[in-house]
Structure formats: structure tokens, C-alpha cells
Amino acid sequence: MQTGYTATARALHWIVALIVLGMIPAGKIMVEEGLPRGLQDALFLFHKNAGVIVLVLMIVRLVWRWLNPPPPLPASVPEWQARAAHLTHVLLYALIFVMAVSGYVRVVAGGFPLELTDALGLPRLLPKVESLGNAASTVHYLAHYAVIALIALHIGAALFHGIVRRDGVFGRMWRG
Ligand code: HEM
Ligand code: HEM
């Protein structure tokens, strides 16, 4: 019986995790005042365009998950922990979407370039409306605290399973 995530689900998880774990410090650093212009531009370029890739990968992930639901957790995991894990995962999916969509709206409605979609000739899905861009910026800013807290909780729980409990939960996402 399959006890772990499929190779595709694992690849998508680790690619998105790596990109997001790079985007958060990039996002925090790029908004600092007094940075050299070249560094700030490079961080913005990475942050905006990697964020669009994350949005696409998250949609692929959800479709894949719907077609290939992960197997249940081992019976050794208490009911309340299984519920907490499920809730954390749902919130992670939701918040990464909120971050990616609010980032997109912030940039496009703000009238700023979005190099990847512009280069591919994709339409900008919103007109330039400065007030909308500013509202999206506020959402992006507020939600980033929740994302950081949830990711910290998530990594803490994963390491607890991998190092302390050694109950195979970490391996479900690592080896499948
Ligand atoms: C995918 C998940 C994303 C995460 C986790 C994320 C995270 C962050 C973080 C932590 C900051 C710094 C907040 C601060 O301290 O002020 C930030 C700022 C920013 N992000 Fe993102 N971001 C994401 C997606 C995107 C996308 C897709 C775009 C644009 C296409 C984008 C555009 C921006 C911009 C322009 C800022 C500068 C602040 C502002 O103008 O509102 N982000 N982001
Ligand atoms: C070092 C970093 C990370 C580790 C060690 C890790 C570990 C894991 C493990 C072991 C699972 C499987 C849990 C289970 O079987 O119930 C999992 C699932 C998940 N992780 Fe992570 N993770 C990390 C980073 C991240 C990041 C940065 C994100 C968000 C962008 C994330 C989002 C998720 C989601 C949404 C799930 C649920 C997958 C699903 O059921 O579809 N993870 N992670």
C-alpha cells in the first residue's frame, strides 16, 4: 500500500518550498531603504517573477492533489495532531495563494513591470488603478506575517517528526 506522497507531489513541494524560502528574505531585504540600486533591482526581479512561477506551481499542485489524494497519516499520530496538520496545510495553500495574488495585483494595478509575463506576451489582467495596487500592497504586507509564522510552525513540526518521533511522517514527503 502507498504510504507516502507521489514523486510528482514531492518534487512540487520541495521546488515551491525552496523558492518561497528564498523569496521571503529577498522580499524583506528589497524593501529596506539605502540598498544599492543594482541589488534592489535584482531582488525585485527575482521576487516578482519567482512569485508568478509559485502561483502556477500551486495550481498544478492542487490539481495533482485532487487527482492523487495523499494516503492517511500513520495511526500512531494522535487525532488532534492529524487535525492540526491538516488545518496548517489548508492555511499554507490559502496563504501562499493570497500572497501570490496580492503580489500580482500590487504590481500590475500599480503599473509596474512584470518581466516574465510581459516577455511571454501574456495580457496584464488588470488596468492601472493605483488605489487597488495600494490595497493589494497592504494585504501582501499583513499576510506575510501569517505566512512566516505558519511556515515556522510547519518546519518545526516536520523536524519534530523527522528527528524526535521518527514515525515516517517526514519520510512521506522525503522518500515517498
Ligand atoms: C508567492 C508568495 C509570496 C511571498 C511569500 C511573498 C513575500 C513577501 C515579503 C515577505 C515581502 C516583504 C514585506 C515587507 O516587509 O514589507 C514582500 C514584498 C513584496 N512582494 Fe511579495 N511575496 C510573494 C509573492 C509575490 C508576487 C507574485 C509578487 C509580484 C508579482 C510580489 C511582489 C512584491 C512587492 C512589489 C513587494 C514590495 C512591497 C510592496 O510594494 O507591497 N510578491 N513579499
Ligand atoms: C525545510 C522546509 C520544509 C520541510 C522540512 C517540510 C516538510 C513537509 C512534510 C514532511 C510534509 C508532509 C506532512 C504529512 O505527511 O502530513 C509537508 C507537507 C506540506 N508542506 Fe512542507 N516542508 C517544508 C517547507 C514548506 C514550505 C516553505 C511550504 C510552503 C510554501 C510548505 C508547504 C507544505 C504543504 C502545503 C504541505 C501539504 C501537502 C499536501 O498534503 O498537499 N512546506 N511538508
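We count ligands from 1, going down the list as the structure has it; atoms in each ligand are counted the same way. For the numbers below, each heavy atom of this structure counts, side chains included, while hydrogens, waters and symmetry mates do not.
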Do ligand 1 and [X] have nitrogen or oxygen atoms that lie under 3.5 Å from each other?
X: K48; answer: no
X: Y104; answer: no
X: Y141; answer: no

Quick one: nearest non-hydrogen protein atom to [atom], plus distance?
atom: atom 32 (C) of ligand 2; value: L92 CD1, 3.6 Å
atom: atom 41 (O) of ligand 1; value: S137 OG, 2.7 Å
atom: atom 30 (C) of ligand 2; value: I96 CD1, 3.8 Å
atom: atom 1 (C) of ligand 2; value: I155 CD1, 4.0 Å
atom: atom 15 (O) of ligand 2; value: R172 NE, 2.5 Å
atom: atom 26 (C) of ligand 1; value: G103 CA, 3.7 Å
atom: atom 37 (C) of ligand 1; value: V31 CG1, 3.6 Å
atom: atom 39 (C) of ligand 2; value: R65 NE, 3.2 Å

Practice task
Please name the residue in the list L57, N49, L55 that meets the side chain to side chain contact (heavy atoms under 4.5 Å, CB included) test with I53.
Solution key: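 Filter result, single survivor: L57.
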Ignoring hydrogens, what is the shortest heavy-atom contact between [X] and [Y]? Give both atom names and the distance.
X: A100; Y: G51; result: CB-O, 4.1 Å
X: I19; Y: F46; result: O-CZ, 4.3 Å
X: V77; Y: R165; result: CA-NH2, 4.5 Å
X: P113; Y: V107; result: O-CG1, 3.5 Å

Using a 4.0 Å heavy-atom cut-off, say whether [X] meets ligand 1 through its side chain, its backbone, both or neither.
X: F112; value: neither
X: L114; value: side chain
X: M99; value: both

Point-to-point distance, once rounded to the nearest 0.5 Å, from [atom1] of [X] to [atom2] of [Y]:
X: Q40; Y: L45; atom1: CD; atom2: CG; result: 12.5 Å
X: T6; Y: W64; atom1: OG1; atom2: CH2; result: 5.0 Å
X: L73; Y: D167; atom1: CG; atom2: CG; result: 8.5 Å

Per-residue contact class, [X] against ligand 2 - non-hydrogen pairs under 4.0 Å:
X: W14; answer: side chain
X: W174; answer: neither
X: H161; answer: neither

Any side-chain heavy-atom pair of [X] and [Y] under 4.5 Å:
X: R124; Y: T117; value: no
X: W174; Y: W14; value: yes
X: H13; Y: Y5; value: no
X: L150; Y: H154; value: no
X: R166; Y: H161; value: no

Counting heavy atoms only, which of [options] comes nearest to [atom]?
atom: atom 8 (C) of ligand 1; options: K28, H144, H47; value: H47
atom: atom 9 (C) of ligand 1; options: A50, G22, G27; value: G27
atom: atom 25 (C) of ligand 2; options: Q81, M173, H154, M23; value: H154
atom: atom 36 (C) of ligand 1; options: R106, M58, M30, E32; value: M30

Exercise for the section: Say whether M99 and F44 are linked into one hydrophobic cluster, either directly or through other cluster members, by side-chain heavy-atom distances under 4.5 angstrom. Expected result: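 Result: no, two separate clusters.
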What atoms in ligand 2 come closer than 4.0 Å to a heavy atom of [X]?
X: A158; value: 5 (C), 7 (C)
X: F170; value: 5 (C), 10 (C)
X: R61; value: 33 (C), 34 (C), 35 (C), 36 (C), 38 (C)
X: L73; value: 15 (O), 16 (O)

Problem - Any N, O or S atom of H89 closer than 2.8 Å to atom 21 (Fe) of ligand 2 - result: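 Within the cut-off used here (under 2.8 Å), H89 places no N, O or S atom near atom 21 (Fe) of ligand 2.
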Problem - H140 N/O/S atom closer than 2.8 Å to atom 21 (Fe) of ligand 1 - result: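 Under 2.8 Å: H140 contacts atom 21 (Fe) of ligand 1 through an N, O or S atom.
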Practice task
State whether the number of non-hydrogen atoms from other residues, nucleotides or ligands found under 6.0 Å of H89 atom NE2 is greater than 12.
Solution key: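 Atom NE2 in H89 is crowded, with more than 12 foreign heavy atoms closer than 6.0 Å.
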Practice task
Describe, in one word, how the ring planes of Y141 and Y145 are oriented to each other, choosing from parallel (under 30°), tilted (30 to 60°) and perpendicular (over 60°).
Solution key: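 Aromatic pair Y141/Y145 classed perpendicular.
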Handout entry: Element-labelled atoms of ligand 1 that are located less than 4.0 Å from some non-hydrogen atom of G51
Key =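 Atoms satisfying the 4.0 Å criterion: 27 (C).
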